[in-house]
A.B. asks: 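The structure follows.
Proteins get letters first, then strands, A, B, ... in listed order; numbering begins at 1 in each. Keep in mind the model is a prediction, meaning the values are calculated, not measured.
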Amino acid sequence: MADPMRIRAQATGDKTTVRVLMAHEMEGGQRKDAAGKIVPAWFIQEVTATHNGKTVLTAEWGPAVSKNPFLQFVVKGAKAGDKIGVNWKDNRGDTRSDEATVS
Amino acid sequence: MQSRRQALKKTAVVAGLLATTSLFPQFAFAAFNKDAFDAKSVADALKALGAGAPTESKDVSITAPDIAENGSVVPVAVATTLTGVKSMLIMVEKNPATLTAMFHMTDSVDAAFSARVKMGQSSDVYAIAIMNDGKVLFAKKEVKVTLGGCGG
Amino acid sequence: MTKTLSLIALACLASTGAMAQKSAVQSIEEYRAMLQDGNPSDLFEAKGEGLWSQKRGPKNVSLQQCDLGKGPGVVKGVFVELPRYFADTNRVQDLESRLLTCMETLQGFNATDIAKTPFGKGEQINMTALATWIAAESRDMRFNLSQNHVQEKTFYEVGKRLFFQRAGPHDFSCASCHGQDNTRIRLQDLPNLTKNPGDGVGFAAWPAYRVSNGQMWGMQQRLNDCYRQQRFPYPGFGSDATIALGVYLGVNSQGSASVAPAIKR
Amino acid sequence: MKKNHKILLSALAAAAVVAGCATVPGSADLDQLTTQIVKASFQDQGIVKAAVLDTDETNRACSAADVSGQPLDDASAKAIEASNLKSVKWPSNGKFLGDWKEGEKIAQSGRGLTWSDDAKTPNGGNCYNCHQIDKKEISFGTIGPSLYNYGKLRGVADPASPDAKPIVEYTWGKVWNSKAYNACSNMPRAGHTGILTESQVADVLALLLDPKSPVNQ
């Protein structure tokens, strides 16, 4: 199973800045292995973010997002104590969901 | 967007069944617009998304380094202060596939996203805002990719 | 992604010389600054913290009784005092070789097998995550290696000799690149490690996340890759040569603040 | 192997304790201990054999000088330079300059002779790692001096002319065996230790000396 994400959500006024690190290879499908064979693409394709369970953002990514992806976005109206959830799904169908409390 | 995504998901269920025969593995991805992510140019990617020709706009901003010491990790921030934004996109013109990331807006998030992308060579990097009224606005910045260390 | 060597034909640079070169260096500095926010080492740190208290290995116990130099279970502050002499093993050990001892004695792992495992595979993944977390627990603390035990002093002297050892087809020693002030390889600044290079530089910056390959590296892997590029043979994981070098670098860094885990090119 | 040096270390430590003061061993013992530790610590990997650590007198003398913090005495330095100069192999066909375009590729490449390279990898010269060369390449190191305008600054208009001969020969010798002119130079001995072939050295020379090379524009 995939390693957990690191989600930091910091409120300033009525906005919350969310910083997410995801543990993923993000293999681009261009690289050759030692034997000269193309390493197949393996990357996060879909990302969803929620605020107290309600979807606030969906994203689609290609294989050119960097390994161990970093994502920053701003949620309006989220305040300290609220829950920010992040979910990703990769092209092999693996998924990972984690949650953080806004501080 | 929602209805389009729903439609794609339904297709994916069928495709998923087909995919078990490994005949059409490329259809197994739900909600992922493969055509757009395979496109080789800004224009083709926008066409695959059903969007029109883009116009350069001062209201869209892109933040990226002038020179990236390593093309594996290039920090890129895209934003606009405009309202009525449907999606924000990051594109790297000279990558094998141009479209890199696509963020679908709701009223609950700012149209401002930071991510990190891979670049195979020096290229223009685009921030593109697809508006609810169909307008497509962009800003671009050239990022030079160089080699930092011994280089093996 | 394929490492593409991009020969940048910067017309403006070619014509305006030194000034433009300076601005290229400034641009690289801006790039490095942009990476500081959101260091993926966080992911490895979190993993390491979990591994420390997780019951693992043939004996199914945690590492919580591991003595890293300040008593069983003490993690905060140990990183900036390693490598040091350990009476129970009667040898000088760095963080990773000491963790290996604990994984063997407490958890029942086979230390020889783990030492032979390539970096980034099997238990070495866990080793790096543990080292990342333990280093992070001493972030901003100042290096203060002991030189009280005769073996610690001896290892400093051996480390110094290893640092200046010229060999291999390129005649390289550590000092070829790290023996002078204000030099660089390509665009990479090289700290002078024959003296204290300052806060968060050199020894005080590892473990670090390497953006060039998306890997988390501990000090053992850092030294290993230096030796690879030096065209030297392969230094064994936790071998006395790597530990003696660590003592030399760590003692030279006396008083410098650790920024580990850092983010690097 | 591992056991042996541990015993040696303990013996040295014990000797120090018995002598009544827990002090470090003397310099010669430390040198010996270092040799033992090196033997026990390094192993063959891929194309790199542990034997590459059995180095020559040039490196031994320079390493010892580095450890002591004192430069080599003049006589030793001169002797080392003389023996290295004697070993320089001059171009067998009399052609000092090859193709500067190939030279640029060699200068760019840092490949070869590490344990992650294979024997088939053509070796690079690693030149840009330490030197500025063609001005277009902004990613260059500063361990060595800038070589931009190398030939131009030395007045080489026609590398085949008798006027240019001394500088052409010196440059060949420097690339082939840097220690022929500076006993403890940081620069590898590209020809002497087999990093570059004779024709690669000629290509690098063209990069530096050919009036048509971008280096001399």
A.B. asks: Given side chains that start at C-beta, do those of N126(D) and H170(C) come closer than 4.5 Å, heavy atoms only?
C.D. replies: yes
A.B. asks: So do the side chains of I143(D) and L190(C) get within less than 4.5 Å of each other, counting heavy atoms only?
C.D. replies: yes
A.B. asks: Relative to chain D, which segment of I28(C) carries a heavy atom at a distance below 4.5 Å: side chain, backbone, both, or neither?
C.D. replies: neither
A.B. asks: Heavy-atom count check: over 12 atoms from other residues, nucleotides or ligands less than 6.0 Å from K116(C) NZ?
C.D. replies: no
A.B. asks: Can you tell me if T55(D) and R166(C) form a side-chain donor-acceptor pair at under 3.5 Å?
C.D. replies: no
A.B. asks: Under 4.5 Å between any side-chain heavy atoms of P233(C) and L53(D), yes or no?
C.D. replies: yes
A.B. asks: Relative to chain C, which of A64(D), S185(D), C184(D), A190(D) shows the most heavy atom pairs under 4.5 Å?
C.D. replies: C184(D)
A.B. asks: What residue, out of V67(D), D56(D), V48(D), V38(D), has the most heavy-atom pairs lying under 4.5 Å from chain C?
C.D. replies: V67(D)
A.B. asks: Checking side chain to side chain contact (heavy atoms under 4.5 Å, CB included) between S139(D) and each of Q188(C), R186(C), R184(C), which is the one that passes?
C.D. replies: R186(C)
A.B. asks: Just give me the residue among Y227(C), Y234(C), F163(C), F164(C) that pairs up with chain D most often, heavy atom to heavy atom, under 4.5 Å.
C.D. replies: Y234(C)
A.B. asks: Nearest 0.5 Å, please: how far is OG in S176(C) from CG in D66(D)?
C.D. replies: 8.5 Å
A.B. asks: Please report the closest heavy-atom contact between S41(D) and A241(C), naming both atoms and the distance.
C.D. replies: OG-N, 3.0 Å
A.B. asks: If the plane angle is over 60° it's perpendicular, under 30° parallel, otherwise tilted; pick one for F42(D) and F232(C).
C.D. replies: perpendicular
A.B. asks: So what's closer than 4.5 Å to chain C heavy atoms on I195(D): side chain, backbone, both or neither?
C.D. replies: side chain
A.B. asks: Using a cut-off of under 4.5 Å for heavy-atom pairs, which of S116(D), C130(D), G46(D) has the most such pairs with chain C?
C.D. replies: S116(D)
A.B. asks: What part of D134(D) gets within 4.5 angstrom of chain C, counting heavy atoms only: side chain, backbone, both, or neither?
C.D. replies: neither
A.B. asks: Give, for atom CD of Q229(C) and atom CG of N129(D), the distance between the pair rounded to the nearest 0.5 Å.
C.D. replies: 8.5 Å
A.B. asks: Within a 6.0 Å radius of atom CG on D74(D), are there more than 12 heavy atoms belonging to other residues, nucleotides or ligands?
C.D. replies: no
A.B. asks: With only heavy atoms counted, which part of D225(C) is less than 4.5 Å from chain D, the side chain, the backbone, both or neither?
C.D. replies: neither
A.B. asks: Less than 4.5 Å apart, any side-chain heavy atom of P188(D) and any of D171(C)?
C.D. replies: no
A.B. asks: Given F155(C) and V24(D), is the side chain to side chain contact (heavy atoms under 4.5 Å, CB included) satisfied, shown in steps?
C.D. replies: CA-CA 9 Å; F155(C) 262 44; V24(D) 289; over 6 Å; no
A.B. asks: State, without any angle test, whether T193(D) and R231(C) hold a side-chain donor-acceptor pair at a distance under 3.5 Å.
C.D. replies: no
A.B. asks: Give the member of T114(D), N59(D), V52(D), N186(D) that has the highest number of heavy-atom pairs under 4.5 Å with chain C.
C.D. replies: N59(D)
A.B. asks: Quick check on N182(C) against chain D: is it the side chain, the backbone, both or neither that has a heavy atom closer than 4.5 Å?
C.D. replies: backbone
A.B. asks: Testing the basics here: between V158(C) and I37(D), what is the closest heavy-atom pair and its distance to 0.1 Å?
C.D. replies: CG1-CD1, 3.9 Å
A.B. asks: Nearest 0.5 angstrom please: I138(D) CD1 to S27(C) OG, how far?
C.D. replies: 8.0 Å
A.B. asks: I need the residue from N224(C), T194(C), T242(C) with the largest number of non-hydrogen atom pairs under 4.5 Å to chain D.
C.D. replies: N224(C)
A.B. asks: With a 4.5 angstrom heavy-atom cut-off, which part of Q180(C) approaches chain D: side chain, backbone, both or neither?
C.D. replies: side chain
